[in-house]
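Protein chains get the first letters and strands the later ones, always in sequence-line order, with residue 1 at the start of each.
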Amino acid sequence: MQKLKDEVSRLLAPRVSLEPAEVINLLEIPPEPNYGDLAFPCFSLAKIKKKAPPIIAEELYEELRNEEGLLWEKAVPRGPYLNFFIAPEAFSREVLQEIWTSGDKYGHYNLGKGQNVTIDYSSPNIAKPFGVGHIRSTVIGHSLYLIYRALGYNTIGINHLGDWGTQFGKLIVAYKSWGNESDLKEDPVNYLYKLYVQFHKLVEEKPDLDDEARYWFRKLENGDKEALDYWNRFRQLSMDNYELIYDLLGIEFEYYHGESHYNQMLDEVIELVQKKGIARESEGALMIDLEPHGLPPVMLRKKDGATLYITRDLAAAIYRYETFKFARSLYVVGAEQTLHFQQLFKVLELLGFEWTSKCAHVPFGLIRFKEGRMSTREGKIILLEEVLNRSIEMAREIIEEKNPDLADKESAARAVGLGAVRFGDLSNDRIKNIEFDWEKALDFSGETAAYIQYSHARICSILRKSDKKVNVWDESAGSLLVTEEEITLVKTLALLPDKIFASAENYRPSILARYLIDVAREFNRFYHNCPVLDSEDNLKKDRLLLISSTRQVIANGLALLGIEAPDKM
RNA sequence: GCGCCCGUGGUGAAAGGGAUAUCACGCAGGCCUCCGGAGCCUGAAGUCGGGGUUCGAAUCCCUGCGGGCGCACCA
């Protein structure tokens, strides 16, 4: 598709006095295939040429009627658009050859060569269980990580663990006051969580507890041995639990730099802020007034001397830039923290860091229950582990029913079960809130990963059964693909690179996810109308090439969403 | 009180200011002697209300309504 756009834009550019790149930006895909395959809208020229768009389209058509394209065969004006129709044979061969030669690198580019992109994602809070709420950051962040890597960037995944803050004061108080060793050993994360919930329940009757918690957190910040011992222990126990989930999801991070990692840099940050003269003391606390910038004030240090979240985030941002000199720095964090990031970026700007513009908050809506918001404090939470396991279990049952002879049911169940949960999150616009619903989470029909995976497995099945193997590219390959289903499928396959770019540019894996649904749908239409194995030899060869290319596109796309594409299921 | 986000068929969603608003679930019908029916085909049903900007608005602006989130000692 890029090549077609290049060709068309080079042709049009001199005739409309625009740069080819500007023409490429204007080009659209028509809503209806019979209109054409690529459209040049003439609206923007109307003002310059002082003519109505349909007339411009008509004139361009007259100018081009004797031109011949490599990848297109005719240009037809339709109202204010000049529509180009691809030359099916040449276009198919071009697309299929590119997929053929690129293989599992089809859609990958070297755009970001030598550039670092840091991606802050997942970032659970220690001592709280890993709930379904955390899946969003984890899965969206990981997909962006994979997508940027595919575009040639050197991606750096950072798990910004919430391993510092007043909640540790709370935990220490709770554990010291009414906790016990044996329960902690029995089921660490859940027990710590129980303590946390109990603390919040009790604090309503005994407000003193809050003071006590703040006291212990301050001790922690001052390096108190006892406090540190508790902290270390709680942290490690939580980490062990998170590892299980990351293993299951196949996620690794370059760094587990939690908030605590930046402790030794906090004094420096505060000094810097003071030197810049943007902070002031207020009621014993240190704060930055952002009123002139239309934002609420930011507090860097409490009156008791303890630091806050944003102080550590400032340190982290600076550290990341100094360490990685990033081309982009992404924060995949819930939309409820939008204000926090506006403040963070504003302060960085005030500090004079010109790289602030390279930082971006990638927000997403929250997951809620039907009954309302999930509250960790109130103890209403569904464990992600439980969701994943139930999904795998459900997939296993369906496989047992539909494909009882399958050899490796376990890995297929994992691929399908985990894929369902991941896709459920990735396929919708991240900014919208999600209502968690067990039925929906475990539904494998319709626009789901299973639909895409199933299409992939079917293709694999046909390829296995074929006596012919597609193993060489020859000069006539793909030239017999002429039916509507075949051409449509080829055109769809040609879009993968565009979709990957768009996903990266907008930080929206959902663009890629929805595209894969289209690919699967077009494949299924083809499949129902065009026999592969029963075709005449040459046609069979071309159709095998087509489905093999389709398989490649599905596999490549799913991989960037962190979803497996099993050969059988 | 102030600020930000979201309102699309019964339900869940898609649509980088553009052509006849696209899918899925569910519903009503149809399709396996055929490469895997977790599939395919046909049908009914929709842009929250009111203003504006524009040649053109689901999309941008204002306003009302509904829902969500946030606003100095949590993260």
So, OP1 or OP2 of [N]: does either fall under 4.0 Å of a side-chain N or O from [X]?
X      : N     : value
A/T338 : B/G70 : no
A/R368 : B/G67 : no
A/K402 : B/A38 : yes
A/K440 : B/A13 : no

[X], nearest nucleotide to its side chain (from [options]):
X      : options             : value
A/L339 : B/C74, B/G70, B/C40 : B/G70
A/N403 : B/C40, B/C73, B/G36 : B/G36
A/S445 : B/C40, B/C25, B/G36 : B/C25
A/A285 : B/C40, B/A19, B/C73 : B/C73
A/R214 : B/A38, B/C74, B/G36 : B/C74
A/F444 : B/C69, B/A38, B/C40 : B/A38
A/N83  : B/G36, B/A19, B/C40 : B/A19
A/I399 : B/A19, B/A38, B/A72 : B/A38
A/A450 : B/A75, B/U20, B/A38 : B/A38
A/R464 : B/G36, B/A38, B/C73 : B/G36

By salt bridge (charged side-chain N to carboxylate O under 4.0 Å, His left out), which residues pair with [X], not counting sequence neighbours?
X      : result
A/D443 : none
A/K49  : none
A/D210 : none
A/E397 : none

Original post:
Should B/C32 be called syn or anti, with syn set as within 90° of 0?
Top reply: syn
Subject >> Syn or anti conformation of B/A45, syn meaning chi within 90° of 0 >> reply: anti
Original post:
Within a radius of less than 6.0 Å around CD of A/E28, do more than 12 heavy atoms belonging to other residues, nucleotides or ligands occur?
Top reply: yes
Original post:
Quick check: are there more than 12 heavy atoms from other residues, nucleotides or ligands sitting under 6.0 Å from CD of A/E32?
Top reply: yes
Tell which nucleotide pairs with [N], taking only Watson-Crick or G-U wobble pairs whose two distances are both under 3.5 angstrom.
N     : answer
B/C71 : B/G1
B/G56 : none
B/G36 : none
B/C65 : B/G7
B/A28 : B/U42

**OP:** Would you please say whether a donor-acceptor pair under 3.5 Å links the side chains of A/D498 and A/Q2?
**Re:** yes
Subject >> Closest contact, heavy atoms only, A/L512 versus A/S503 >> reply: N-OG, 3.2 Å
Check the distance between [N]'s [atom2] and [X]'s [atom1] and give it to me in whole angstrom.
X      : N     : atom1 : atom2 : value
A/L366 : B/C4  : CG    : C1'   : 13 Å
A/L426 : B/A24 : CG    : P     : 21 Å
A/I547 : B/G36 : CD1   : C1'   : 12 Å
A/I434 : B/G67 : CD1   : C1'   : 16 Å
A/M299 : B/A72 : CE    : P     : 9 Å

For the [atom1] atom of [X] and the [atom2] atom of [Y], what is their distance to the nearest 0.5 Å?
X      : Y      : atom1 : atom2 : answer
A/Y262 : A/T307 : OH    : OG1   : 14.0 Å
A/F444 : A/S391 : CZ    : OG    : 4.0 Å
A/I547 : A/F526 : CD1   : CZ    : 6.5 Å

I'd like a list of close polar pairs between nucleotides 14-16 of chain B and the protein, N/O only, cut-off under 3.5 Å.
| from | atom 1 | to | atom 2 | distance (Å) |
| --- | --- | --- | --- | --- |
| B/A14 | OP1 | A/D429 | N | 2.7 |
| B/A14 | OP2 | A/K432 | NZ | 2.7 |
| B/A15 | OP1 | A/R508 | NH2 | 2.8 |

Pairs touching [range] that satisfy salt bridge (Lys or Arg N to Asp or Glu O under 4.0 Å), sequence neighbours left out:
range                       : value
residues 509-536 of chain A : A/E447-A/R514, A/D518-A/R521, A/E522-A/R525
residues 540-550 of chain A : A/D467-A/K540, A/D474-A/K541, A/E486-A/R543
residues 293-315 of chain A : A/R218-A/D304, A/E259-A/R312, A/E281-A/R301

Original post:
For RNA chain B, whose closest nucleotide is more 5', that of A/T307 or that of A/A520?
Top reply: A/A520
Subject >> Of A/N34 and A/P53, the one whose closest RNA chain B nucleotide lies more 5' >> reply: A/N34
Subject >> Ring geometry between A/Y242 and A/F130 (parallel below 30°, tilted from 30 to 60°, perpendicular above 60°) >> reply: perpendicular
Subject >> Any pair counted as ring pair (Phe, Tyr, Trp, His ring centres under 6.0 Å), so long as it reaches residues 502-522 of chain A, sequence neighbours left out >> reply: none
Expected output is a numbered-order residue list: members of [range] with a heavy atom under 4.0 Å from any atom of RNA chain B. What is it?
range                       : result
residues 527-542 of chain A : A/Y527, A/H528, A/C530, A/P531, A/V532, A/L533
residues 36-43 of chain A   : A/A39, A/F43
residues 451-460 of chain A : A/Y451, A/Y454, A/A457, A/R458

**OP:** Report yes or no: does A/R136 contribute a side-chain atom to a donor-acceptor pair with the main-chain N or O of A/R430 at less than 3.5 Å?
**Re:** yes
Original post:
Looking for any heavy atom pair under 4.0 Å, which part of the strands does A/Q167 touch: base, sugar-phosphate only, or nothing?
Top reply: sugar-phosphate
